[in-house]
Amino acid sequence: MRAAATAGKSTDPMPGASQDRNASIKIQTMCLNFAVMTSRFVAFTALLPIIAVMTPTSQKQTIITRFAPSPTGYLHVGGARTALFNWLLARHTGGRFLLRIEDTDLARSTEQAVHQLLEDLKWLGLNWDNPELIFQSKRLDIYNRLINDLIARGLAYKAYETTEELAAFRAQAEKSKRNYVYKRPVLTDEQCRQFEAEGRPHVVRFAMPVQDYQFDDAVLGASQGVAANQVQDFVIRKSDGMPTYHFAVVVDDADMGITHVLRGQEHLLNTVNHIALQQALGYQRPIYAHLPVILAPETGEKLSKRDRDRKIRQRTHEWIKSSKKTLPDLAAACGLAVDRLETWLKNDKTQLDLSEQPKVMKIIGLKEFDLPEIMVHDFRKSGYLPESLNNFLALLGWNPGGDREHMTMAELVEVFTLDGIGKANAKFNREKLLSFNTDACATASPERLLKAFKDFLAANPDSPINGADDAALAKLLSMKAGFRVLREVEEKSRFLFLRDDQITYDPVSVEKILKKNNGEGFATLKNLLELLNPITDWTAEKLEATVNEFVTAKQLKLNNIAQPLRVALSGGTISPPIFQSLEFLGKPSTLARIERCLATQ
RNA sequence: GGCCCUGUCGUCUAGAGGCCUAGGACACGGCCCUUUCAAGGCCGCGACACGGGUUCGAAUCCCGUCAGGGUCACCA
């Protein structure tokens, strides 16, 4: 598919000569890319009528919902929650849940993002019912036919203002404290012909009938709407030939027979555009349900991917202050340009891209796990169970009534209804999610946990635990019972999988546990070496019995032994229960590590 | 700023005029358990945004104020 993309570009004799032409080539290559990549999703256009026909027209109407993400990156929790609600409604009613890719933004849509989206959805267990994915970029013929028809009927028209002109109008309106409302310019027939002949770039706008618009919302109640003086002609086809979201969403929802549209409340006002379009195109209006917005706890504003960048920026400012370093120092250390960093630091509307972030984080000592998880993928990497994420997300803006909180997916499906959805925005509360996950891990079956742990390791390929067999993984899981996320199991037992010479000692632990009181800890380790050396039955039980005997005889506390041992074996003070760790490590490694540690004093 | 939506513990919420001395969960504080980190057990702290109505009676209905959020793109 790379070849196709390259070929498409290289055959253009005059790159940049024609915007339209480039756009259409880009569209073609993009479609090709998607087609090849998703070979098992085949062509779909022909199937749309089938999907519609499959809706039983008799008796009760089958509920059909959809999730329609735009492929611009990983799925984030807001999107996941929207998907979940749509999925739950379909499953609860025995309806259908369809997936559509809204890739009309050529500049931002990528095939990689499509792949990530599907992965995340699968991970969450939100399976969709259309075997062939629907890509808007492959339905241009359909949109264009309808748009041309609207133009012919005088319900839409070409508009020739440039982006700059529009921006100037808006700025003007803002200056005089007015709200900018687009006014259709009066063009003579001659002007139109001339623009047409020039091939002047244009958009197509829908001539929004000037009237009050009202609709009922399943969440917010009846009579939502917008007054006549607020409506304006909006763009339905961009100058690159792609339909806008507003147009494509209306057409596709109708074609797919969508009966219920559950989406974020940020779309509330868009709805009047959509119902006006539905009227013009003769479509039925689906039932709308606008979900409360998920807010970031840090800012109180809509949760967004930007929140991660925000955290990095904030910590960078702190780092510069506390380390008394300058911006050029930082730039040199992380290999980025000074002015790049400067604009980023000063302007919180800008963001570091995914390749720049780690460079800065490394220098200022921020770990990936220090960033707030926003993307579904982040939660997967942190070691959350999809079922607890789903459970938590379901409760953000919905509840079954009463005190019920912990629910399996099956239970969620069973009790989910539209009228359990609330109206007020909800802050995303990570502590509560953590608690849900802790609980889910504690009650999950060993098989379930093992599967989740393997999935976690697959998402964290750098972990030394990768490659361990199932028995070893199961053992780790049981040793660390009580963990909150799988990452904790990894962090606290990864030392068991390092080579003996890879152990690095945490200076604070060494000071506190080994060196303090004239090297008391080191002395203990020496004694332990003698104590453990003769043991042949290297089991946790035997080790514990032996050490306990020693402790009693010497009138010590177990803690006096366990902590120095932890430092010697792991380099720090945190580990699974110590005797189980010893057993897991085995005798040779245990003794080698103690000796190696003793050699450092 | 215009328009729109929304206001119950710090957070998510239960609550459909008397079942409310406002319930649950997370967080927080204290105690217990404990070989580390966790987990667990018990106890505690803690809210109807404010002001007016309506009503015998209001967290619940109405109005206003205030506050928060959303949205004002050739992004979705």
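First the proteins, then the strands, lettered A, B, ... as listed; each starts at 1. Note that the structure is a prediction, hence the values are computed from the model and not measured. These values consider heavy atoms only, across backbone and side chains, with no hydrogens, waters or symmetry-generated copies.
- Taking every side-chain heavy atom of A:Glu431 into account, B:C26 is the closest of B:C26, B:U35, B:C12.
- Rounded to whole Å, the C1' atom of B:A25 lies 23 Å from the corresponding atom of B:C33.
- Taking the centre and axis of the six-membered ring of A:Phe85, the NZ or CZ atom of A:Arg81 falls inside the cone set by 45° and 6.0 Å.
- Residue contacts for A:Pro69: at a heavy-atom cut-off of 4.0 Å it reaches no nucleic acid atom on any strand shown.
- With a 6.0 Å radius and a threshold of 12 heavy atoms from other residues, nucleotides or ligands, A:Glu411 has its CD atom above the threshold.
- Counting only heavy atoms from C-beta on, A:Phe579 has its side chain closest to B:U35 among B:C12, B:U35, B:A76.
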Show, in sequence, the C-alpha distance, side-chain angles and deciding distance for A:Val508 and A:Thr573, and conclude whether the side chain to side chain contact (heavy atoms under 4.5 Å, CB included) test is met.
CA-CA 10 Å; A:Val508 177; A:Thr573 55; over 6 Å; no

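- The separation of B:A67 from B:C28, taken at their C1' atoms, amounts to 25 Å, rounded to a whole angstrom.
- Listed candidates were B:U6, B:G69, B:C12. Nearest to the side chain of A:Leu295 is B:G69.
- The nucleotide B:U71 finds its pairing partner in B:G2, both defining distances of the Watson-Crick or G-U wobble pair being shorter than 3.5 Å.
- Considering only side-chain atoms of A:Asn429, the nucleotide from B:G10, B:G24, B:A76 that sits closest is B:G10.
- Taking only side-chain atoms of A:Leu268, from C-beta outward, the nucleotide of B:U6, B:C37, B:C5 with the closest atom is B:C5.
- Among the protein residues, A:Arg205 comes within range of the sugar-phosphate backbone only, with heavy atoms under 4.0 Å from sugar or phosphate atoms but none that close to a base.
- The base of B:C12 sits with one of its N or O atoms less than 3.5 Å from a complementary donor or acceptor on the side chain of A:Lys432.
- With C1' as the reference atom, B:G57 and B:G44 are 33 Å apart, rounded to whole Å.
- A salt bridge links A:Glu373 with A:Arg430: at least one charged nitrogen is closer than 4.0 Å to a carboxylate oxygen.
- Here the separation of B:G53 from B:A58, taken at their P atoms, is 12 Å to the nearest Å.
- Proximity of A:Thr104 to the phosphate of B:A76: a side-chain N or O atom is located under 4.0 Å from OP1 or OP2.
- When heavy atoms are screened at a 4.0 angstrom cut-off, A:His246 is found touching base atoms of the nucleic acid.
- In this entry B:C48 has no Watson-Crick or G-U wobble partner, no candidate having both defining distances under 3.5 Å.
- Residue A:Asp403 places its side chain closer to B:G24 than to any other of B:G24, B:C75, B:C74.
- A:Ser70 comes within 4.0 angstrom of sugar-phosphate atoms only, judged by non-hydrogen atoms across all strands, and of no base.
- With both ends at atom C1', the span from B:G7 to B:U21 equals 24 Å, rounded to whole Å.
- For B:C12, its base never sits under 3.5 Å from the side chain of A:Lys427 at any donor and acceptor pair.
- B:C56: Watson-Crick or G-U partner is B:G18, with both key distances under 3.5 Å.
- Remark: B:C42 base-pairs with B:G30. Criterion, Watson-Crick or G-U wobble with two distances under 3.5 Å.
- One P atom belongs to B:C9, the other to B:G24, and the distance between them is 16 Å to the nearest Å.
- For A:Asn399 and B:A14, the shortest distance from a side-chain N or O to OP1 or OP2 is below 4.0 Å.
- Residue contacts for A:Arg404: at a heavy-atom cut-off of 4.0 Å it reaches no nucleic acid atom on any strand shown.
- The residue A:Gly397 sits close only to the backbone: its heavy atoms come under 4.0 Å of sugar-phosphate atoms, none of a base.
- Counting only heavy atoms from C-beta on, A:Asn179 has its side chain closest to B:G2 among B:G2, B:C74, B:U13.
- Residue A:Arg170 places at least one side-chain N or O closer than 4.0 Å to OP1 or OP2 of B:A73.
- Contact annotation for A:Val203: base contact, defined as any heavy-atom pair under 4.0 Å involving a base atom.
- Within 4.0 Å (heavy atoms only), A:Pro577 reaches at least one base atom of the nucleic acid.
- Within the 4.0 angstrom heavy-atom criterion, no nucleotide atom of any strand lies near A:Glu491.
- Annotation: A:Trp128 is not in aromatic contact with A:Phe67 [ring centroid separation under 6.0 Å not met].
- Looking at residues two or more places apart in sequence or on another chain, you find no ring pair (Phe, Tyr, Trp, His ring centres under 6.0 Å) involving A:Tyr143.
- Distance from the side chain of A:Leu269 is smallest to B:G70 among B:G70, B:G23, B:C37.
- In this structure, NE2 in A:His267 is found 7.5 Å from OG1 in A:Thr82, a value given to the nearest 0.5 Å.
- Two residues, A:Phe436 and A:Gly225, neighbour RNA chain B, and the one matched to the more 5' nucleotide by heavy-atom proximity is A:Gly225.
- Here B:C66 sits opposite B:G7 as a Watson-Crick or G-U wobble pair (both hydrogen-bonding atom distances under 3.5 Å).
- Screening A:Val547, A:Ile578, A:Leu525, A:Asn527 against A:Ile561 for a side chain to side chain contact (heavy atoms under 4.5 Å, CB included) leaves a single residue, A:Val547.
- Nearest to the side-chain atoms of A:Thr438 among the listed nucleotides B:U13, B:A38, B:A39 stands B:A39.
- Note on A:Lys557: every side-chain N or O is 4.0 Å or more away from OP1 and OP2 of B:U36.
- B:A76 and B:G68 have their P atoms separated by 31 Å, with the value rounded to a whole Å.
- For A:Gln230 against B:G2, no side-chain N or O and base N or O form a donor-acceptor pair under 3.5 Å.
- A:Ile578 comes within contact range of at least one nucleobase, with a heavy-atom separation under 4.0 Å.
- Closest to the side chain of A:Leu220, out of B:U71, B:A39, B:U6, is B:U6.
- Residue-to-nucleotide proximity on RNA chain B shows that, of A:Gln224 and A:Lys492, the 5′-proximal contact is made by A:Gln224.
- Nucleotides B:G23 and B:U65 have their P atoms positioned 33 Å apart, rounded to a whole Å.
- For B:U35, there is no paired nucleotide, since no Watson-Crick or G-U wobble pair has both relevant distances below 3.5 Å.
- The side chain of A:Lys302 contributes an N or O atom lying less than 4.0 Å from OP1 or OP2 of B:U71.
- One finds the NE2 atom of A:His290 at 4.0 Å from the CZ atom of A:Arg263 (value rounded to the nearest 0.5 Å).
- Dashed line: the shortest gap from a side-chain N or O of A:Arg566 to OP1 or OP2 of B:U35 is not under 4.0 Å.
- Checked by distance alone, A:Ser435 brings no side-chain donor or acceptor within 3.5 Å of a matching partner on the base of B:C26.
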